[in-house]
Amino acid sequence: MTSQTARRPENQRQNSRNTRPNNKSKKYVKQTARFEGNRDKKPLIFGWGGHLSHSQKVRLQRRATWTGAIAFAVLIVVVLVGFWVNINVIIPGLTISSVNGHAISQSQYRKMVALKAQIEQNKIYGVNGLTAQETAIKKQMTAQQNILSTATTQIASLQKQLKATNLTSAQRTSLNNQLTAEKKTQTAAQAKYTSLNSQYSNFNTNTIPLEQQNYDQPQIGNDSVTWLQNDLLIQQWLQTQSSAIQAKINPTQSEINAFLNNFKASLPTGTTYSSFLSKNSVSDSDMQGAAAVIVRRQNMQNYLSSLEVSPQYQVLARAMTLSTLKDANNILTQLRHGGNFGKLAIAKSVDTNTNKQGGYLDWEARGQYAQAYTSAVVENWMFDPSRKLDEISPVIVENGSYRIVQILGIDPSRAIDKPTLQTLQANALSDWLLQVQALSSTKITPADQTMLLDASNMPSSLPASAPGSSVPGAPNNQPGAPGTSGAPGSGAP
């Protein structure tokens, strides 16, 4: 049976196929239009990257962007960490001075400066400081003025009453007794006022101004580094001593606490220990360490002072001082060939304290020469146990001068007068330090001057130079320097 469906001619079917949309061909064209897998031959950077496809370039660009961002973030972190380490670790750890190879760090110095500056401020402005004492004296003077004024008024009144003609004998006697008592009161008040006025004047012209000279950056800075140097000398010496001596000198925790408690109690009114720590960016632990240096120093002074007794070893000597090494060597040659020491000292010595006496130093205990010449180089030679009578020293360089010494006498147990003994006891530590510093084995490097006065090491309230009429940086609630409020009159009203 024949199909009823009409068939288009073959050529029409062919034409129809040719005009029908070719979906597969269109899909292929879209894929190639994006060029995802083809090279566009365009360089990515500096002529490189033409061989990469677009998708590869995009991935590289994204990676480069993230890598750059991460690297930049890491760089910022490294810079910040480096800055923090530099400020808080490296710079504070820099050596400002050293003693026999042992370093004193800038951090130790800064903490000592903070404590010493506040101690000095306490002396002037503390609750019991000099300005507080000055104010107390002024109040006492005012009280005496009031007593004087009252007594003067009473005396005038009594004298007026005594002029009356109608007084009985008993009344006159009573008035005379009252007058005598008032005059005694007036005399006592005037004497007390005069004494107080003298004290007040001394505070204004001497005590406070002299103390103010110790309250500036150079003074506090030099004192602080010197005390740290001295402390290392003490600690190094202690290592060679018995445990009993170490126990006497090394501070205990109770001693440190007592020192800090006194320090806190002496702070100016309105200043607390916490505010002091915060203002100076230090901790209580830091201050305990700095306080230990001061307490150790005090203990060393007490120990050495106890060793100064009478009688003790003394030396009789004479010395001459020459200006040049050439002169010193020439004199030494003459002495070794029989030259007269006394005559040469009179003729050649430039030491005006001894040359007229032929260089005689008289009998001296250890420490007397060191205090007189602020050095113990010569003294160390004089008190060497190997010294012999009439022995002449080599040329000794001391304080830039050239000295020659002769031993005239040695007494292992000679009495010392009381004033001299008291002076030796008071200066026991400073004498000992001069002796140790004069040893050839002692090496102390000078303090780095840049670090010494660096602003980061100085409290903001510490003036750059000694104040005149007032102390810059003094607490606002503290009285001004002497002279800013005139002393009351010195006479009775």
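Every heavy atom of this structure was used, including side-chain atoms; hydrogens, water molecules and symmetry mates were not. Count residues from 1 along the sequence.
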Side chain to side chain donor-acceptor pair (under 3.5 Å) against Ser198, all qualifying residues, sequence neighbours excluded
none

Inter- and intrachain pairs under ring pair (Phe, Tyr, Trp, His ring centres under 6.0 Å), touching [range], at least two apart:
range            : answer
residues 422-452 : Trp237-Trp432
residues 277-312 : none
residues 337-359 : none

Would you please say whether a donor-acceptor pair under 3.5 Å links the side chains of Asn330 and Thr333?
no

Side chains of Ser98 and Thr95: is there a donor and an acceptor less than 3.5 Å apart?
no

Do other residues, nucleotides or ligands put more than 12 heavy atoms under 6.0 Å from [X] [atom1]?
X      : atom1 : result
Lys116 : NZ    : yes
Lys192 : NZ    : no
Lys279 : NZ    : yes

Run the side-chain contact (heavy atoms from CB on, under 4.5 Å) test on Asn299 and Asn250 for me, step by step, so that the C-alpha distance in whole Å, both residues' side-chain angles and the decisive distance to 0.1 Å come before the verdict.
CA-CA 7 Å; Asn299 290 348; Asn250 280 323; over 6 Å; no

Taking atom [atom1] of [X] and atom [atom2] of [Y], what is their separation to the nearest 0.5 Å?
X      : Y      : atom1 : atom2 : result
Leu434 : Asn427 : CG    : CG    : 9.5 Å
Gln314 : Asp362 : CD    : CG    : 9.0 Å
Leu421 : Ser310 : CG    : OG    : 6.0 Å
Gln229 : Thr445 : CD    : OG1   : 7.0 Å
Tyr200 : Ile137 : OH    : CD1   : 9.0 Å

Can a donor-acceptor pair be found, under 3.5 Å and without considering hydrogens, that links the side chain of [X] to the backbone of [Y]?
X      : Y      : result
Ser201 : Asn197 : no
Gln236 : Leu233 : no
Gln133 : Asn128 : yes

For residues 199-210, which residue pairs pass the salt bridge (Lys or Arg N to Asp or Glu O under 4.0 Å) check, not counting sequence neighbours?
none

Can you list every pair that meets salt bridge (Lys or Arg N to Asp or Glu O under 4.0 Å) and has a residue in residues 225-238, with sequence neighbours left out?
Asp231-Arg296

Hey, which of Gln106, Arg110, Lys111 is the one that makes side chain to side chain donor-acceptor pair (under 3.5 Å) with Asn457?
Gln106

Applying side-chain contact (heavy atoms from CB on, under 4.5 Å), can you list everything that pairs with Ser283, at least two apart in sequence or on another chain?
Ser285, Asp286

Just list the side-chain donor-acceptor pairs under 3.5 Å for residues 376-384, sequence neighbours left out, or say none.
residue : atom : partner : partner atom : Å
Glu379  : OE1  : Gly367  : N            : 3.2
Glu379  : OE2  : Gly367  : N            : 2.8
Glu379  : OE2  : Tyr369  : N            : 3.3
Glu379  : OE2  : Ala370  : N            : 3.2
Asn380  : OD1  : Arg366  : NH2          : 2.4
Asn380  : ND2  : Ala376  : O            : 3.4
Asn380  : ND2  : Gln435  : O            : 3.1
Asp384  : OD1  : Ser386  : N            : 2.8
Asp384  : OD1  : Ser386  : OG           : 2.7

Partners meeting salt bridge (Lys or Arg N to Asp or Glu O under 4.0 Å) with [X] (sequence neighbours left out):
X      : answer
Lys123 : Glu120
Arg318 : none
Glu398 : Arg403
Glu308 : none

Please report the shortest heavy-atom distance between Ile119 and Ile294, naming the atom on each side.
CD1-CD1, 3.8 Å

